Amino acid sequence: MDPEASVLPDAATGEAVPFALNDSIYSGSISTTILDIFSGIYSKYPSKDYVAFRSGQYTYDLYIGDISLAGAFSGTQLLHVVYDSASNYNNGPYLRYNTEDLGLTPGTSLVYSNLGDYPALPIQGVPYEKALIFGGVVIFLFLLFRWVFSRSRV
């Protein structure tokens, strides 16, 4: 990737580090808190592909960029976000950003992606908007029925 025409300008610059993950996905679920964090990060790159997974007992990974899926996830010069919840136990979790290559064969492990038949990250903002629309419709119907039935009594 040409550094002057960077696809992900917010990502750390530097040389890509090959990162093969065959057989290194941690078998376990990802909490909704971490999925929400990853969803918020991904929302800054809506036209890119992503894959998120748990790589250790306390580490979670998100890759964003031009990712291909042909039996395995692969890509070069991807934004790699690592959430480490136990790196500094006394000071809390941290996020680390860098640029890396990806080679991931998920097998039967749980991964989140917008590619293939994998579950997607939760979409930010939609529940609030739906609740607002629903509330507006309920108020409108209440006022409409109140008006219709109050006129029939006169």
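Treat the numbers as computed from the prediction; the structure is a model and nothing was measured.
When all heavy atoms of Ser55 and Tyr26 are compared, the pair lying nearest together is C-CB, 3.7 Å. Of all heavy-atom pairs between Gly40 and Ser43, the closest is O-OG, 2.6 Å. Tyr112 approaches Ala120 most closely through the heavy-atom pair CD2-O, 3.7 Å. When all heavy atoms are compared, the tightest approach of Gly71 to Pro106 is O-CD, 4.2 Å. Minimum heavy-atom separation, Thr99 to Gln77: CG2-OE1, 3.5 Å. A pairwise comparison of heavy atoms in Leu78 and Gly65 identifies CD2-CA, 3.7 Å as the closest pair.
One distance of note links CG of Leu35 with CG of Leu62; it measures 10.0 Å at 0.5 Å rounding. Rounded to the nearest 0.5 Å, atoms OH (Tyr58) and OH (Tyr60) are 9.0 Å apart. Within the model, atoms CG of Leu79 and NZ of Lys48 stand 11.0 Å from one another, a figure rounded to the nearest 0.5 Å. Here Ile41 contributes atom CD1 and Tyr83 contributes atom OH; the two are 10.5 Å apart, rounded to the nearest 0.5 Å.
With sequence neighbours left out, the side-chain contact (heavy atoms from CB on, under 4.5 Å) criterion links Phe140 to Leu144. Scored by the side-chain contact (heavy atoms from CB on, under 4.5 Å) test, Val82 finds Asp61, His80, Arg96 as partners (sequence neighbours excluded). Among residues two or more places apart in sequence or in another chain, the ring pair (Phe, Tyr, Trp, His ring centres under 6.0 Å) test is passed with Tyr42 by Tyr50. Applying the side-chain contact (heavy atoms from CB on, under 4.5 Å) rule to Ser68 yields the partners Ser74; only residues at least two apart in sequence or on another chain are considered. When the side-chain contact (heavy atoms from CB on, under 4.5 Å) test is applied to Leu115, the partners found at least two apart in sequence or on another chain are Asp49, Ile67, Leu69, Phe73, Ser113.
Judged by distance alone, the side chain of Ser39 and the main-chain N or O of Pro122 form a donor-acceptor pair under 3.5 Å. Of the possible donor and acceptor atoms, none in the side chain of Thr105 sits under 3.5 Å from a partner among the backbone N and O of Ala72.
When hydrophobic clusters are built by joining Ile, Leu, Val, Met, Phe, Trp and Tyr residues whose side-chain heavy atoms come closer than 4.5 Å, directly or via intermediates, Trp147 is not grouped with Ile139. Taken together through direct or relayed side-chain contacts under 4.5 Å among Ile, Leu, Val, Met, Phe, Trp and Tyr, Leu141 and Phe149 form part of one hydrophobic cluster.
Residues Ile37 and Leu95 form a side-chain contact, since some pair of their non-hydrogen atoms from C-beta on lies under 4.5 Å apart.
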